[in-house]
Engineer: 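Handing you this structure, nothing more for now.
The figures here come from the full heavy-atom set of this structure, side chains too, leaving out hydrogens, waters and symmetry mates. Just so it is clear, the model here is predicted, and its values are computed rather than measured.
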Amino acid sequence: MPSVKRDFGVVPQATRPGPQCDDCEIREISVCRSMSPPDLARLQAIISTTHVAAGQPITHEGEPAESLFNVVSGAVKLYKLLPDGRRQITGFLFPGDFLGIALNDTYVYTAEALTPVRLCRFPRRRLEALLREIPNLEHELLNEVATELVAAQDQMLLLGRKTARERVASFLLMLDRGTKRTNRPPNILDLPMSRGDIADYLGLTTETVSRTFTQLRKAGVIALTHRGEVEILDRAGLEAESEGG
């Protein structure tokens, strides 16, 4: 796949004309869900579809925020680099999640595709113009900002107060809540991120994360499938583990 210049760098990707929003598989869980057909048509006119390969960046921390994105398929990780070069993963995004909300016109984190990702891409200036004319869309974006704030508060609690076992259990429950909107089997969690990614997010070592997964498996709370998925066997037990019970 050829590399083409994007407004935040050069990554292997392909951009195509906008999607058919009426047939979009994430329509009911995205920022577009409450829009009327005429407003949706106006939004569709500014959207393009972008494909990003696994391991490639979507946004770069500190670079001009020229575009915003809605995740249509795949998984994305968000991270910031500390002054000493260490990486702190701040979140994971899945279909229906919004990406690229900026501070002072620059991206506040780097977003990287964990798997092949398909995105709806919104030019920022054109989207801002529409927000003044489409109140429903502005309301949905404000909800996205509120969701990001709640996620940041939840992570502060994870890093500041919980034990390793409580952190891993809380992470699995968070992942379950974040992906239950998609069509997947009940109680089955796909983990596209590595154990190292989970460790960076939870402020643990990779070894501690792997050991804790084993402990939860032996306790009969989860099962680890041969496909790398996690099956929740005892939801009440997992919830108790997340609270130190």
Side-chain angles (χ1 to χ4, degrees), residues 52-62 71 74-94 97 99 107-117 147-180 184 187-245:
V52 180
Q56 295 297 329
I58 301 165
T59 67
H60 289 284
E61 179 183 354
V71 181
V76 175
K77 66 181 176 184
L78 310 177
Y79 66 87
K80 295 179 70 70
L81 292 176
L82 303 179
D84 60 5
R86 287 179 298 163
R87 181 188 68 171
Q88 176 63 55
I89 291 182
T90 60
F92 300 98
L93 302 181
F94 301 94
D97 289 330
L99 165 64
Y107 293 117
V108 296
Y109 43 66
T110 296
E112 181 181 305
L114 284 167
T115 65
V117 171
T147 299
E148 286 194 12
L149 289 174
V150 170
Q153 292 170 342
D154 287 345
Q155 191 185 20
M156 289 173 63
L157 176 61
L158 280 179
L159 298 179
R161 295 294 179 183
K162 294 198 171 188
T163 66
R165 191 152 167 162
E166 290 167 354
R167 293 183 198 186
V168 172
S170 296
F171 171 75
L172 294 175
L173 290 170
M174 177 202 70
L175 195 65
D176 181 57
R177 289 191 297 271
T179 60
K180 69 182 179 182
R184 62 169 176 80
N187 298 323
I188 299 294
L189 305 180
D190 179 28
L191 268 64
M193 67 289 293
S194 68
R195 295 292 190 267
D197 287 337
I198 297 172
D200 282 347
Y201 179 72
L202 297 178
L204 303 170
T205 65
T206 303
E207 292 76 14
T208 298
V209 169
S210 296
R211 183 169 60 250
T212 305
F213 269 90
T214 299
Q215 291 171 352
L216 293 173
R217 179 182 60 78
K218 290 181 177 179
V221 176
I222 63 171
L224 305 176
T225 75
H226 67 280
R227 296 185 298 275
E229 299 167 331
V230 171
E231 182 180 2
I232 299 175
L233 300 177
D234 181 358
R235 184 174 297 275
L238 189 61
E239 290 171 348
E241 291 281 0
S242 74
E243 298 298 333

Engineer: Applying side chain to side chain donor-acceptor pair (under 3.5 Å), can you list everything that pairs with D234, at least two apart in sequence or on another chain?
Structural biologist: none
Engineer: How long is the span from the CG atom in L93 to the CG atom in L78, to the nearest 0.5 Å?
Structural biologist: 4.5 Å
Engineer: Who passes side chain to side chain contact (heavy atoms under 4.5 Å, CB included) against A169, sequence neighbours left out?
Structural biologist: L238, E241, S242
Engineer: Are L175 and L191 side-chain neighbours, meaning at least one heavy-atom pair lies under 4.5 Å?
Structural biologist: yes
Engineer: Any salt bridge (Lys or Arg N to Asp or Glu O under 4.0 Å) involving residues 199-213? Give me the pairs, sequence neighbours left out, ordered by first then second residue.
Structural biologist: R87-D200
Engineer: Apply side chain to side chain donor-acceptor pair (under 3.5 Å) to T205 and list each qualifying residue two or more places apart in sequence or on a separate chain.
Structural biologist: T208
Engineer: Which atom pair, heavy atoms only, marks the closest approach of R195 to S210?
Structural biologist: CG-OG, 3.9 Å
Engineer: Testing the basics here: between T212 and A164, what is the closest heavy-atom pair and its distance to 0.1 Å?
Structural biologist: CG2-O, 4.1 Å
Engineer: Roughly how far, to the nearest 0.5 Å, is CD1 of I89 from CD1 of I198?
Structural biologist: 9.0 Å
Engineer: Given L99 and Y107, is the side chain to side chain contact (heavy atoms under 4.5 Å, CB included) satisfied, shown in steps?
Structural biologist: CA-CA 10 Å; L99 165 64; Y107 293 117; over 6 Å; no
Engineer: Atom CG in D176, atom CZ in R235: separation rounded to 0.5 Å?
Structural biologist: 4.0 Å
Engineer: Quick check for you: to the nearest 0.5 Å, what is the distance between I222 atom CD1 and R217 atom CZ?
Structural biologist: 8.5 Å
Engineer: So, using side chain to side chain contact (heavy atoms under 4.5 Å, CB included) as the criterion, who are the partners of V108 when residues are at least two apart?
Structural biologist: L103
Engineer: Nearest 0.5 Å, please: how far is CG in L216 from NZ in K218?
Structural biologist: 11.5 Å
Engineer: Which heavy atom of V76 sits nearest to which heavy atom of V117, and what is that distance?
Structural biologist: CG2-CG2, 4.0 Å
Engineer: Determine yes or no for a side-chain-to-main-chain donor-acceptor pair under 3.5 angstrom, with T59 supplying the side chain and A111 the backbone.
Structural biologist: yes
Engineer: Looking at every non-hydrogen atom in both residues, tell me the closest pair between F92 and D97 and how far apart they are.
Structural biologist: O-OD2, 4.4 Å
Engineer: Just to verify, what does A199 make a side chain to side chain contact (heavy atoms under 4.5 Å, CB included) with, not counting sequence neighbours?
Structural biologist: T206, V209
Engineer: Output the distance between atom CG (L224) and atom CG (L189), rounded to the nearest 0.5 Å.
Structural biologist: 10.5 Å
Engineer: So do the side chains of Y79 and D197 get within less than 4.5 Å of each other, counting heavy atoms only?
Structural biologist: no
Engineer: Can you confirm whether Q215 sits close enough to R165 that some side-chain heavy atom of one is under 4.5 Å from a side-chain heavy atom of the other?
Structural biologist: yes
Engineer: Would you please name every residue forming a side chain to side chain donor-acceptor pair (under 3.5 Å) with E61, sequence neighbours left out?
Structural biologist: K80
Engineer: Ignoring hydrogens, what is the shortest heavy-atom contact between I58 and A113? Give both atom names and the distance.
Structural biologist: CD1-N, 4.1 Å
Engineer: Tell me every residue that passes side chain to side chain donor-acceptor pair (under 3.5 Å) with E229, counting only those two or more places apart in sequence or in another chain.
Structural biologist: R227
Engineer: Could you tell me which residues satisfy side chain to side chain contact (heavy atoms under 4.5 Å, CB included) with A223, sequence neighbours excluded, listed by chain and number?
Structural biologist: E231, L233
Engineer: Between R167 and G203, what is the shortest heavy-atom contact and its length?
Structural biologist: NH1-O, 3.4 Å
Engineer: Does a side-chain heavy-atom distance below 4.5 Å link L114 with F94?
Structural biologist: no
